[in-house]
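As the structure is a computational prediction, the values presented were derived from the model and not from experiment. In what follows, every chain begins at residue 1, and chains take the letters A, B, ... in the order their sequences are listed.
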Amino acid sequence: MLAAAICLPVPLRRSFDYRVDAALAGRLRRGCRVRVPFGRRTLVGVVVGAPRELPEGADELRDIEAVLDDEPPIPAELLALCEWAADYYLHPLGEVLAAALPAALRRGAMPATAQTEGYALTAAGRAALETLPPRHRAQRSLLQALSTAPRSRADLVATAAVLRRALDAGWIEAADAPAATPASGTPTPTPEQAAALDRLAAGDAGFAVHLLEGVTGSGKTELYLRRIEAALAEGRQALLLAPEISLTPQLDARLRERFGDGVHRFHSTLTDRAREQVWLRARDGRARIVVGTRSAVWLPFARLGLIVVDEEHDTSYKQQDGFRYSARDVAILRAQRLDVPVLLGTATPSLESLHNARSGRYRHIRLQRRVHDTPPPQVRVLDVRGLPLDHGLSPPLLQAVDRHLDQGGQALLFLNRRGYAPVLLCHACGWNAPCTHCDAHLTLHRGRNRLICHHCGAQQAVPRHCPSCSATSLIAVGAGTERIEQALANRFPQYRVARFDSDRITSHEALERQLADIRDGRTQILVGTQILAKGHDFPGLSLVGIVSADQALYGTDFRAVERMGQLVTQVAGRAGRAGQPGEVWLQTHEPEHPLLQTLARDGYGALCDALLAERRDTGLPPYAHLALLRAEAREAGQALRFLQLVRPCFEAPDVTVYEPLPSGMERRAGLARAQLLLQSASRAALHRSLGAAVARLQQMPEARRLRWSVDVDPYDLM
DNA sequence: CCGTAGCCACCC
DNA sequence: GGTGGCTACGGA
């Protein structure tokens, strides 16, 4: 009996064998989709093993109902990458494949054909233009329009029927619309950029990881564009990964200006259909450049020649639920398997990448000069202890804002906390608006007049009286962006304040509008969260105020200070007008904190030195590798007991298995959470321990009574 | 007597 | 994850 191994979209870390008709065996290639019966249901699966002969006496297998593809929709390279990722992240392959397939294909639909973007005139069409009688007006005007250059579908006035006729006659053919020519020519690189380009182009074209560490404004994007150009010149495609693409309109605009219609965007807010179109064009090679968020790392490129990871330190590359992969790390592995270069760009490298660069595993290229030669901003630590705070803002900071606005500058206030206030407190009885599903406080949102949990999304109306004691003495404690915005609007009524956070910025257009108001000088004060740290140029910005850096200093998460250093440096980099250094003020109640001092006095690089020394001493990444077994259960204690029970399964040479602990926020969205931390200096040893333990866990009845998952290279230990 | 809630094994 | 089978109760 012939059988084939099929992988199904179920959370089971194994494949299932189905019987293959001898006549079918030839058609059934790895990567093809099939429709198979599974229990009571019918599912769409992917062939992961070529048909093979089963030994005599093997159990009867069920039949494959239908083979959906002649050609595998997933190229062999991508299927192998998914298999690697399933193994590395200890995640079911079926769910990994689901991340790599468009929704319609996952459901079993036939792949749509990539819609044509444009048309070109054929030789026959050129001849027809000469001979076609004038009465064929529609055809003549279509051919005329295409006679100088190919045009995109949108540029042509022809109806679908007219196009169809011209295609049938062989007068026109589908073609990519022409790339827009650069609007103002490519800028001449600075000597520093030119040297960096030489180093990027040096050596063979094969696999290499380049860490491009460039201060804000040093012109990293221009280097990306040049390398992309080089890849395209060899007939290859390029993938540019970016954090939250809808929030980087400037990058998008620059790519389009340089490369025209060959640039495709791929992100989670596209419709399923639009995603499928980009997926198909990546596969047929017509999408020459894809700019996308982390899921774009799974696109089925036909001839990928370069991957750029912009803002490589950004946390959004790590998926934080379900299949917990790091798109940056998968990108590096994919590039290695394809033998093509990867470019990691950032002003503030992650400690992992910095360590790899310093140890020689990555090539380290640094850009230290800003293109317009603006000196780097000086960060001043502002001791706010004992100062009267106006909604979180100290008098010296407010005076600085006043001074800068008065001199025609713009001011940015950064605060990584949305809403009006993080706590609503009853002054009479101490009730503090707890979330009923999480160990967290509800955040007061004045604009929407709601109390909202930022961890599970639960919300309720803002009570007038304390729900516990009926007193009317409810006070908002602490400050979020809404409150800072209001405080500044009250204090500086003659200036306009704009708020940038995910409550206010809900679309590409809203962001563009607010950014335009700043560039045109209609808005003078900006208040916002990390959205403001991401790649926007504010040419008139002269002052940056960081409302508080203290959260990170008290934080228990081992990456909190690294993240704070990145945010402060990124936000500070927005300050400074042509030729003039910006001013950066950092409010704190811990002005003597050594790491804060290091950051302010010596910059991000020095902070990294200090943090790397700390990580080495404590055996944390990048000097050791971590993994977590996470467990969630209805009842507090159940998750912890489970982890205690399975802890011995992970014991292995060179692996430290810590005591299971309740997660940083134990209850979240109604579930009690706990985690088991594993640490090893050897990635191989850690992976062996995980592999063996997961195999045993799947056999354990206790493991079926709650939800558990593995997090390899966890981003935070909360 | 049936109805259903909650638990658990199984899915090629 | 989805499904169906099993057991344990409760209402007329």
- Message: Closer than 3.5 angstrom, by distance alone: can the side chain of Asp339(A) be matched with the main-chain N or O of Phe207(A) as a donor-acceptor pair?
- Response: yes

- Message: Between Glu53(A) (side chain only) and Met1(A) (backbone N and O only), is there a donor and an acceptor less than 3.5 Å apart?
- Response: yes

- Query: Could Arg14(A) and Phe16(A) be counted as a cation-pi pair, given that NZ or CZ must be under 6.0 Å from the ring centre and within 45° of the axis?
  - Reply: yes

- Euclidean distance, atom CG of residue Leu93(A) to atom P of dG1(C) [Å, nearest integer]: 17 Å

- Query: For DNA chain C, whose closest nucleotide is more 5', that of Arg40(A) or that of Pro9(A)?
  - Reply: Pro9(A)

- Message: Other residues, nucleotides and ligands only: do more than 12 of their heavy atoms fall within 6.0 Å of CZ on Arg647(A)?
- Response: yes

- Note on the structure: Quick tally for nucleotides 5-12 of chain B: nucleotides whose base has a protein heavy atom under 4.0 Å get B, sugar-phosphate-only ones S, the rest -, giving ---SS-BB

- Message: Checking His455(A) now: which residues fulfil ring-ring contact (aromatic ring centres under 6.0 Å, His included) with it, not counting sequence neighbours?
- Response: none

